[in-house]
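Heavy atoms only: backbone and side chains are in, while hydrogens, waters and symmetry mates are out.
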Amino acid sequence: MIVPMKKVFLFLQKNHARDSLSELASLGLLHVEHQRPPAGEEISSLGENIAVTDQAVLILSSWQKTPQGEEPLKDDLLSFCHHVVDLQKRLDQLKEYSVTLKSAIDRWSPWGDFDPQEIKRLADAGVYVKFCQVPRESLKGIGPETAVKIVFSEGTVENCILLSRHDAPSGFKELDPPRLSLSQMRRRLSEDAGAMETIRKQLEDYGAYRKSVLEERKSLIYKKNFFETLNGAAEAGELVYLKGYLPSEKEAEFVSCVKKKGWGIFTLDPDEKDEVPTLLRNPRWVAFIKPLLKLLELVPGYHELDISLLFIIFFSVFFGILIGDAGYGLVYFLLNLWVHRKFGSRIKDKSAFFLFYILSSCAMIWGLLTGTFFGQSWLLSLGIKPLLPVLTDTVFIQKFCFFLGALHLTLAHAWKGIVKLPSLSALADAGWICIIWAAFFLADSLILGGSFPSCGGGLIIAGLALVLFFASPQKNIFKAAASGLGTIALSLVNNFTDVVSYIRLFAVGLATVAIADAFNNMAAGVVEKGNFFTLGAAVLILICGHVLNIILGLMSVLVHGVRLNVLEFCSHLGVSWSGFDYKPFARETE
């Protein structure tokens, strides 16, 4: 649910604003809305310092080996962060230059070791040395004034050194000599390898101070928020006032603290025009969807509806259908279990792990019902039948997808209509529900060849009438019908296409199983040749093929499973995800 908020105006004495803000941060309850754009040198400087600590944390996280042995760092943490960033940049530069050196060594090794400076000195003395690639048939065309030394051959091309008294173009492909000799390049490569090893060792040692850098980052973020709050406040004579929001349940506690501190306060309920932050609070099993919403940066508006419960239910079902394989579900479950045990102690919010346990379990359940375990055909060939054979019937599963879509969209309009009560406009949502089920029967008839029921026409007529007269309730019923006509024209076809769009669950799930079967059959065909090498090739085909399919399965869930909830369902419910998170001004920041 979305926690109700109170709008707060807080009045502070200008002379004591800094101390008052520090005390306000200790309360950690008020989400501050700036009254003017916060600006200042402190904010810019702190922003730059936070960016440096972010880079340092990222670098140290990649080098940290023993998180349990983290040590506090007493030195200047910002200087330390700059040093870490500089070391990583130096390491990256050395890596890049080493690749260039290795390429140059490979290129010039056949020419032998020579000093490029000697070539320059010869040029100053009037003797010009050129490294050329000359087609073999063109060697005879080189005049007697030019000495030719063939160094090595590559097919029909001779790599030659041309010496002459004239610095004229040779007419052949010329290679620019390197800046360093081969011995110098090899020595530099060895020195750089030693330097890189030293930097790696330093960064591994510095990884023990990651926790100290994180603490410094928190401190910098608080300071930046402090100055943004101070500079973003409005001034009125000797007073400074802040506007913000806090949960209604905390109002009494907050007002009591404010009165003790001698500040002025005024609270009221937010109106439709206010940009109110959103704080979601759900039962633990519903809150498992929070990591996915955070990943997608989806936050419902304060005046919108929280769909977390329906999201996690339908998304879990969609995940099971789209993956559709008990073997893949087991792989997801075991990988999630390994990551949970390996890194769970370092992650505060473990909701993502439990969400993935639920999703992978749904994939395993659907796979058991359809008899699919790393593909379907090989199980059928062994005589193993699915627990629910009807789910392997393509016509039935397509109809089931249409039904799932109609049910999903019906819940959206039913919820929307309940919220509108006792307004007559709720009847328009009842009309849309009639149209949705008429669209379901129409999809079954047109696509799957089913019979259109006799009640279908009645659903269409009833739905049209309810939407026409109650989409925009007015005293004049004819004006209401005229305004509802535009709504019908825009949305009638959309309802049919939205119901039909749920067939993507069948199509993608079928593709996942088909790809798994294709790799299984490919491997089986290789095994039939019956030698050791073909057996190894078959194993490689199975591993690579199924790993690819497992990755594609996750991508399909993100594309299709999320879309059906966030786009189709939410467009019918009227949720536009226009909100932003409730972030109180506090000393402790995430």
Can you check whether [Y]'s main-chain N or O pairs, donor with acceptor, with [X]'s side chain at less than 3.5 Å?
{"X": "D306", "Y": "M1", "result": "yes"}
{"X": "N565", "Y": "G561", "result": "yes"}
{"X": "N231", "Y": "A39", "result": "yes"}
{"X": "N521", "Y": "D517", "result": "yes"}
{"X": "D325", "Y": "G367", "result": "no"}
{"X": "S61", "Y": "V57", "result": "yes"}
{"X": "Q35", "Y": "E33", "result": "yes"}
{"X": "D444", "Y": "F440", "result": "no"}
{"X": "S501", "Y": "D498", "result": "yes"}
{"X": "T53", "Y": "I50", "result": "yes"}

[X] vs [Y] side-chain heavy atoms within contact, under 4.5 Å:
{"X": "F319", "Y": "L554", "answer": "yes"}
{"X": "Y582", "Y": "Y245", "answer": "no"}
{"X": "L58", "Y": "D54", "answer": "no"}
{"X": "H34", "Y": "E228", "answer": "yes"}
{"X": "L21", "Y": "L24", "answer": "yes"}
{"X": "T372", "Y": "L379", "answer": "no"}
{"X": "K399", "Y": "V395", "answer": "no"}
{"X": "L573", "Y": "F569", "answer": "yes"}

How far apart are the closest heavy atoms of [X] and [Y], and which atoms are they?
{"X": "Y302", "Y": "P277", "answer": "CD1-O, 3.7 Å"}
{"X": "I358", "Y": "S316", "answer": "CG2-OG, 3.7 Å"}
{"X": "A414", "Y": "I433", "answer": "N-CD1, 3.9 Å"}
{"X": "P386", "Y": "L380", "answer": "CD-CD2, 4.3 Å"}
{"X": "L322", "Y": "T512", "answer": "O-OG1, 3.3 Å"}
{"X": "F519", "Y": "L542", "answer": "O-CD2, 4.1 Å"}

Please check if atom [atom1] in [X] has more than 12 non-hydrogen atoms from other residues, nucleotides or ligands closer than 6.0 Å.
{"X": "K350", "atom1": "NZ", "answer": "yes"}
{"X": "R36", "atom1": "CZ", "answer": "yes"}
{"X": "K290", "atom1": "NZ", "answer": "no"}
{"X": "K250", "atom1": "NZ", "answer": "no"}

Aromatic centroids of H546 and F374 separated by under 6.0 Å: yes
Distance flag, aromatic centroids of F333 and W338, threshold under 6.0 Å: no
From [X] [atom1] over to [Y] [atom2], what is the distance, rounded to the nearest 0.5 angstrom?
{"X": "H303", "Y": "T278", "atom1": "NE2", "atom2": "OG1", "value": "9.0 Å"}
{"X": "L564", "Y": "L409", "atom1": "CG", "atom2": "CG", "value": "9.0 Å"}
{"X": "L466", "Y": "W432", "atom1": "CG", "atom2": "CH2", "value": "11.0 Å"}
{"X": "W263", "Y": "L12", "atom1": "CH2", "atom2": "CG", "value": "6.0 Å"}
{"X": "N282", "Y": "I289", "atom1": "CG", "atom2": "CD1", "value": "10.5 Å"}
{"X": "L279", "Y": "H31", "atom1": "CG", "atom2": "NE2", "value": "11.0 Å"}

Could you check whether the rings of [X] and [Y] sit parallel, tilted or perpendicular, using 30° and 60° as the cut-offs?
{"X": "F288", "Y": "F354", "result": "parallel"}
{"X": "F318", "Y": "H408", "result": "perpendicular"}
{"X": "F400", "Y": "F396", "result": "parallel"}
{"X": "W577", "Y": "F311", "result": "perpendicular"}
{"X": "F11", "Y": "Y241", "result": "tilted"}

Stepwise side chain to side chain contact (heavy atoms under 4.5 Å, CB included) check, F254 with T267: CA-CA 11 Å; F254 187 76; T267 66; 6.0 Å; no
Evaluation steps, side chain to side chain contact (heavy atoms under 4.5 Å, CB included), between W437 and F403: CA-CA 9 Å; W437 285 102; F403 171 80; 3.6 Å; yes
Side chain to side chain contact (heavy atoms under 4.5 Å, CB included) between D581 and K294, intermediate numbers included: CA-CA 10 Å; D581 286 320; K294 189 173 182 180; over 6 Å; no
Full working for side chain to side chain contact (heavy atoms under 4.5 Å, CB included) between V467 and C434: CA-CA 10 Å; V467 174; C434 293; over 6 Å; no
Any pair counted as side chain to side chain donor-acceptor pair (under 3.5 Å), so long as it reaches residues 357-367, sequence neighbours left out: H340-Y357
Passing candidate, side-chain contact (heavy atoms from CB on, under 4.5 Å) with I321, options L404, I397, V508: L404
Residues K243 and D274 bridged, charged N to O under 4.0 Å: yes
D269 with K6: basic N within carboxylate O range, under 4.0 Å: yes
Pairing residues for D349 by the salt bridge (Lys or Arg N to Asp or Glu O under 4.0 Å) criterion, not counting sequence neighbours: none
Counterpart residues, salt bridge (Lys or Arg N to Asp or Glu O under 4.0 Å), relative to E249 (two or more places apart): R281
Step-by-step side-chain hydrogen bond (donor to acceptor under 3.5 Å, both in side chains) determination, S576 to E304: CA-CA 8 Å; S576 60; E304 295 178 346; 2.5 Å; yes
